[in-house]
Every structure is written in structure tokens, then in C-alpha cells.
Visitor: 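Here it is, the structure in full.
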Amino acid sequence: MSKRIIVQKYGGTSVADVDRIKNVAKRVVKTKKAGNDVVVVVSALGDTTDELIGLALQVTNNPPERELDMLVSTGEQVSCALLAMAIHELGESAISFTGAQVGIITDNSFTKARIIDINARRIVDELKKKRIVIVAGFQGVNLNQDITTLGRGGSNLTAVALAKVLKAYSCEMNTDVEGVFTADPRIVRDARKIDRISYEEMFELASLGAQVLQPRSIEFAMKFGVPIHVRSSFSERTGTIISREVRAMEDIVVSGVALTKNEAKVTICDVPDRPGIAAKIFREIAKQDINVDMIVQNVSRTGATDMSFTVPENDLNKTIKVAKDISAKIRAGGVIFDKDIAKVSIVGIGMRSHSGVAAKMFEALAEKGINIEMISTSEIKISCVVGKKYGEDAVRAIHAKFGLGKKRNS
Ligand code: ADP
Ligand code: ASP
Ligand code: MG
């Protein structure tokens, strides 16, 4: 085996068609020829995963999760076999594996399984034989030998986890942009590539809507100190390095702006202001496995107050049902909801030591006449809920206000 193992993940757009698969094969072979051992993790071709989920939903509104995983995991099996063939064609030896074949053992939570163990012996054996190893991303197997998947964007997690067990020299996430940007380049034309960002900030950005990496993969990388390099599959340039916080990062007040449009707001009106009421409401919601995000409750001057919170749009119907039941039980004034919301957020570790950041964000929105419906803050992030149709304008306004498109530091 060579000294350095490099794990390279290629996302769906990077392997969307045969020409792109051939392009990836060339990059992989080049990395191998430079004297590295290469382990490649691939996503399914283009939008395959969405298409497979679409097929399932044509058969039933409520696909059993085990069968859904059985179905969607096939996407990555196609891309890893094709990539292995393309590499053979270039005269190098490669071998493709499913998650199960390389011993990615998970718990039983179909569609969002957690990795509990990886037995990488098979990979190491193949690397010793000088082969390039290709692993189907996003999938594992539980102790009953049922196929599981690791949540959307899960190929990122496969790559980070393999990088950790193989003690890889680097973990590259090859995608369709040059790295992590100060905002989604599809929304903000002058968004800038970030050279270096901390795990914490990247985790927040990803959780708040920057789709480029799966939040769980960053959590995992942070826990085990796996450095990540996000870069383009279509160029040789250095992208973004995600690593532990370094001193200089603190000088940057706002690192990036993120947008989510897939949440909905629910309000329980005239909630009696008594100890235990919030506990009761959110316990009932949690029992339904619904993840509540922002919660807002004002002081009550009349003994009752409105309680608003946001939930994933997919869970809205379930939430309304529970909220109506609770509202009746606690004698509140009923339930209203709003699907037309967007959440715009700023993230930066420099916020810990700078004041006036929130005011500046609110000013950016005010200058565009955008009304803020909810606000939440934590140590390194501020989020505002606005009307859905203002979401992208809000991102652009905030990005400009903090001067993120030009020089760094704001
Ligand atoms: P892959 O198929 O390689 O996993 P994704 O489509 O999941 O790639 O993620 C890459 C996309 O994420 C980019 O095309 C970009 O539009 C979007 N994106 C959103 N926010 C950001 C950001 N802050 N920086 C970079 N890309 C972002
Ligand atoms: N193909 C899966 C998805 O679309 C996993 C991935 O691409 O990371 O979510
Ligand atoms: Mg992705």
C-alpha cells in the first residue's frame, strides 16, 4: 500500500451521465498515478434518488421505509459499477462495492440510519492489491442484513466515515461548485468561495439550508477531526477546507448566508399562560417524531398568548392534527398555519465577540421592505422567518449588507 489514502466523493451532478462518469474516472486515475491509494464514494446518477422516490410514491402514498431503502440504494449501485468499468477502460484496476460488502453496519432506522461500525478489512485488502476501491455512497446494512440508507446527502457521510476508519490523508467532496460559498451561487451572483471554514460554521450553514454538504457528515467529521476539502469535479482548483476553528476565523463576523424554504409555521392562538403548558404542547408533538425548529411565545398581558413554531413542511399535516387536539384539550383559541414562509440565516463564529450583527441583518431586510415574522438567535447564528416570496431577495440583501461578495470581513 502507498503511504497516503485519499477518499474522494463524487456527487450526483458529477456522475450525471456517461461523459461525466468518464471524466470522474480520469480524475481518479490521475490521483492514483500520483502515488496515492484511492477510495471513491459515489452518489447516484443525477436525480436518480428523487426519481426512485417518485416511483415509490406512484405506487403508494406511504411506502414502507424498509422497501424505500431497498429501492433508493440501487441508484448508487449503478454509479459505482459504471465508474469501476470506466476506470478499467483507462487501464487501471478498480473494484466496486455496496455498503454491505464493505461492512458499513448501521442501526435499524431506515431512511436515516446511523453508522455503528465499519469493518474496512475488505477495502484495505483491495488497496493492497493496488486496486482503486469504489464504494456505493449513502447505504449500509443493519444487523439483520437489511439494506439501510443514511439520509439524503448521505454519500457525504459514507465518505467521512471511510476517511476516518482508513485514517485517510484527505477527504475530498467533489461537487458541481468550486467549494463552499458565502451564499448559494444560484441565488447570489457575486457569492464568494470561502477558503477555510470551521466545522461549527459549516454544520450550521448546512443545517440552515446550504445543501452542499449533509449536516450529519460534518457532525461526524467534527467529532473525529476528519478534515474535509470541498471542491469542483470539473476543475483542479483548491476549494474550501473545513477544519477545526483557527484563530483568524474569529475575525470574520459573518461567514455565510443560508436559506430554507421547506418549513411551515404553526400558531396555537390564545394559549393559557400557565406552568406546564409548553411542556404539554411540545411533548405531544415530539411523540409524533416531528422536529420543531423555531419557537416564539410572547408575554401574556391578558392571561393568554399565541405560541408559534416552525416544522418541516412535510410534517405540517401531522402537526396541525396534533396541534388542534392539544388546542382543544388546553382550551386554547385554535390553530392557524402558514406554508408560505422562508427562513434566512447568517452564520459566523465572529458573532460571539461582535455586537450589532442582528441589527445590521434586520436593517438589510428593512431597507428592502421585507417584514420579519420570527427571529431566533444562538451563539453563532441568527435566523429570520420572512414570506416565502421574499426569501431569495432577503439572502441577496443580507449578503450585500455584510459585504460578503467583496473582500472578506464585514
Ligand atoms: P452533489 O450532487 O455534489 O452532492 P448538491 O447538489 O447536493 O451536490 O450540492 C451542491 C449545490 O449546493 C450547489 O450546486 C449549490 O447550488 C448548492 N449550495 C447551496 N448553498 C451553497 C453554499 N453556501 N456554497 C456552495 N454551494 C451551495
Ligand atoms: N443519492 C443520495 C441523495 O440524493 C445520496 C447522496 O447523493 O449523497 O440524497
Ligand atoms: Mg449532495
Side-chain angles (χ1 to χ4, degrees), residues 8-17 20 24 40-54 68-69 71-80 99 111-113 135-140 147-162 172-195 197 201-218 228-234 239-240 242 254-262 344-348 391-392 395-396 398-399 404-405:
Q8 293 187 325
K9 177 249 171 180
Y10 290 90
T13 347
S14 308
V15 291
D17 57 36
R20 291 191 179 179
V24 168
V40 184
V41 174
V42 274
S43 293
L45 272 63
D47 296 327
T48 304
T49 310
D50 289 330
E51 286 158 13
L52 290 170
I53 295 172
L68 205 51
D69 278 358
L71 177 70
V72 294
S73 63
T74 60
E76 273 70 12
Q77 202 168 328
V78 170
S79 50
C80 72
T111 77
K112 46 180 175 305
V135 180
F138 174 54
Q139 54 177 264
I147 294 174
T148 53
T149 64
L150 310 175
R152 296 305 303 268
S155 301
N156 290 297
L157 182 57
T158 307
V160 173
L162 287 177
E172 280 179 16
M173 303 295 184
N174 295 273
T175 181
D176 59 353
V177 279
E178 293 275 339
V180 179
F181 280 68
T182 47
D184 188 339
R186 284 179 298 197
I187 300 177
V188 181
R189 227 183 315 142
D190 71 340
R192 255 187 348 90
K193 194 199 83 187
I194 299 170
D195 294 333
I197 190 166
E201 288 168 302
M202 192 62 230
F203 175 75
E204 293 295 357
L205 279 176
S207 307
L208 294 166
Q211 153 200 9
V212 62
L213 288 178
Q214 184 208 35
R216 278 178 60 192
S217 68
I218 304 159
I228 297 177
H229 180 186
V230 182
R231 63 189 305 196
S232 166
S233 295
F234 309 105
T240 302
I242 307 171
V254 173
S255 290
V257 188
L259 177 71
T260 350
K261 289 197 223 165
N262 52 12
V344 53
S345 311
I346 55 175
V347 172
E392 299 192 356
V395 171
R396 286 186 281 264
I398 294 165
H399 193 267
L404 298 181

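Note that these values count all heavy atoms, side chains included, but never hydrogens, waters or copies made by symmetry. Both counts, for ligands and for their atoms, begin at 1 and track the order of listing.
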Visitor: Quick check on ligand 1: any N or O pairs to the protein under 3.5 Å? One line per pair.
Guide:
| unit_1 | atom_1 | unit_2 | atom_2 | d |
| --- | --- | --- | --- | --- |
| ligand 1 | 2 (O) | Gly12 | N | 3.0 |
| ligand 1 | 3 (O) | Thr175 | OG1 | 2.7 |
| ligand 1 | 4 (O) | Lys9 | NZ | 3.1 |
| ligand 1 | 6 (O) | Gln211 | NE2 | 3.1 |
| ligand 1 | 8 (O) | Thr175 | OG1 | 3.2 |
| ligand 1 | 14 (O) | Asp176 | OD1 | 2.8 |
| ligand 1 | 14 (O) | Asp176 | OD2 | 3.2 |
| ligand 1 | 16 (O) | Asp184 | OD1 | 2.8 |
| ligand 1 | 16 (O) | Arg186 | NE | 2.8 |
| ligand 1 | 16 (O) | Arg186 | NH2 | 3.2 |
| ligand 1 | 23 (N) | Phe181 | O | 3.0 |
| ligand 1 | 24 (N) | Phe181 | N | 2.8 |

Visitor: Could you pull out the closest heavy-atom pair between Gly12 and Ser43, with the gap in Å?
Guide: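 Answer, listing the atom of Gly12 first, then Ser43: N-CB, 3.5 Å.
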Visitor: Side chain to side chain contact (heavy atoms under 4.5 Å, CB included) with Ala113: which residues, sequence neighbours excluded?
Guide: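 Ala113: side chain to side chain contact (heavy atoms under 4.5 Å, CB included) contacts with Thr106, Asp107, Thr148, Leu150.
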Visitor: Would you call Arg396 and Asp190 a salt bridge, using N to O less than 4.0 angstrom?
Guide: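 Here Arg396 does not pair with Asp190 in a salt bridge, since their nearest N and O are not under 4.0 Å apart.
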Visitor: Walk me through it: do Leu259 and Asp184 pass the test side-chain contact (heavy atoms from CB on, under 4.5 Å)?
Guide: CA-CA 8 Å; Leu259 177 71; Asp184 188 339; over 6 Å; no
Visitor: Quick one: do Ile398 and Ile346 satisfy side-chain contact (heavy atoms from CB on, under 4.5 Å)? Show the steps, please.
Guide: CA-CA 8 Å; Ile398 294 165; Ile346 55 175; 3.4 Å; yes
Visitor: N or O contacts of ligand 2 with protein under 3.5 Å, please list pair by pair.
Guide:
| unit_1 | atom_1 | unit_2 | atom_2 | d |
| --- | --- | --- | --- | --- |
| ligand 2 | 1 (N) | Thr49 | OG1 | 2.7 |
| ligand 2 | 1 (N) | Glu76 | OE2 | 2.7 |
| ligand 2 | 4 (O) | Thr49 | OG1 | 3.3 |
| ligand 2 | 4 (O) | Arg152 | NH2 | 2.9 |
| ligand 2 | 7 (O) | Ser43 | OG | 3.0 |
| ligand 2 | 8 (O) | Gly153 | O | 3.4 |
| ligand 2 | 8 (O) | Gly154 | N | 3.3 |
| ligand 2 | 8 (O) | Ser155 | N | 3.0 |
| ligand 2 | 8 (O) | Ser155 | OG | 3.1 |
| ligand 2 | 9 (O) | Arg152 | NE | 2.7 |
| ligand 2 | 9 (O) | Gly153 | N | 2.8 |

Visitor: Within the 4.5 Å heavy-atom criterion, are Thr48 and Val78 side-chain neighbours or not?
Guide: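 No, too far: nothing below the 4.5 Å cut-off.
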Visitor: For a side-chain contact (heavy atoms from CB on, under 4.5 Å) check, start with the C-alpha distance between Asn156 and Ile228, then their side-chain angles and the critical distance, and finish with the verdict.
Guide: CA-CA 10 Å; Asn156 290 297; Ile228 297 177; over 6 Å; no
Visitor: In this structure, are over 12 heavy atoms from other groups packed under 6.0 Å from Gln77 atom CD?
Guide: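 No, because the 6.0 Å sphere around CD of Gln77 holds 12 heavy atoms or fewer from other groups.
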Visitor: Listed by chain and number, what are the side chain to side chain contact (heavy atoms under 4.5 Å, CB included) partners of Lys112, not counting sequence neighbours?
Guide: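 Only Glu65, Ser109, Arg216 meet the side chain to side chain contact (heavy atoms under 4.5 Å, CB included) criterion with Lys112.
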